[in-house]
Amino acid sequence: VKPLVSRLAGGNAIWDLCISHTRDEIAIACDDGSAMIYKYEGEDELYLSRSLRTFQEKALSVAYDNNPQNKNILYVGYEKGAIRKFDLSSGNVLLTMNLNTKELVWKLLSIKNDDVIAVASSTGTISFFETKFGTLRSELKTHDADILCLETNENQSVIYATGLDSKIVTLEKVVGNTESGNRAAN
């Protein structure tokens, strides 16, 4: 393994990154409140494509929309509980969703077939927002500490969550119900 490209992002510390579905962009969440989009071409060409609007709070998490029809949508989570939906073609904020308290939004996960964004927070709660109007569908208190990671299986029927409390929690979609079931793995 050898480094191919190294660039300074200019937004201070980088809290999170994700790769676009087309595999030619990287979005990063920065300490200065910005989200930046980097494009790469070939093996050694990485350049700043655009910087999205900066807010007066740290950007902690980023996720591209997982619906193929929404390939120009990026979600950004912030330190005071806001989740903003950006249109990458215009750079505009389309929607702002807010958690109930000023909690850290550590991780975002777009769920493809449901137009839902899962939000992992510093209160040990996973929140599920529908992404058209930003309505909170459900919240589940799954951890006793911050949740730092969310991931899903290939068909997105199961979500895995881990955090500072050393628990792995699996959430499975329950058909005909707006909430997910959960069980902790020890």
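For reference, positions follow the sequence shown, starting with 1.
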If we ignore hydrogens and angles and just use 3.5 Å, is the side chain of [X] paired with the main-chain N or O of [Y] as donor and acceptor?
{"X": "R50", "Y": "L88", "result": "yes"}
{"X": "S34", "Y": "M36", "result": "no"}
{"X": "N67", "Y": "D115", "result": "no"}
{"X": "Q156", "Y": "K112", "result": "yes"}
{"X": "T142", "Y": "T125", "result": "no"}

Flag for T135-E130: side-chain donor and acceptor within less than 3.5 Å: yes
Distance-only side-chain donor-acceptor flag, N72 / N70, under 3.5 Å: no
NZ/NE/NH1/NH2 to OD/OE distance under 4.0 Å, D114 and K173: yes
Charged N-O contact under 4.0 Å between K71 and D65: no
Just wondering, do [Y] and [X] contact through their side chains at under 4.5 Å, heavy atoms?
{"X": "T123", "Y": "I147", "value": "no"}
{"X": "I126", "Y": "L171", "value": "yes"}
{"X": "K39", "Y": "L46", "value": "no"}

Identified salt bridge (Lys or Arg N to Asp or Glu O under 4.0 Å) partner of K58 from the options D16, D32, D31: D31
Reported OG-to-OH distance for the pair S61 and Y78, which is rounded to 0.5 angstrom: 9.0 Å
Inter-residue atom distance N66.CG - T152.OG1, 0.5 Å rounding: 8.5 Å
Transitive ILVMFWY side-chain link F128 to L99, under 4.5 Å: no
Whether over 12 other heavy atoms sit under 6.0 Å from W15 CH2: no
Among N98, V119, T131, side chain to side chain contact (heavy atoms under 4.5 Å, CB included) partner for I83: V119
NZ or CZ of R84 within 45° of F55 ring axis and under 6.0 Å: yes
E25 and its side-chain hydrogen bond (donor to acceptor under 3.5 Å, both in side chains) partner, picked from Y64, Y40, Y38: Y64
Minimum heavy-atom distance L108-V76, with the two atoms named: CD1-C, 3.8 Å
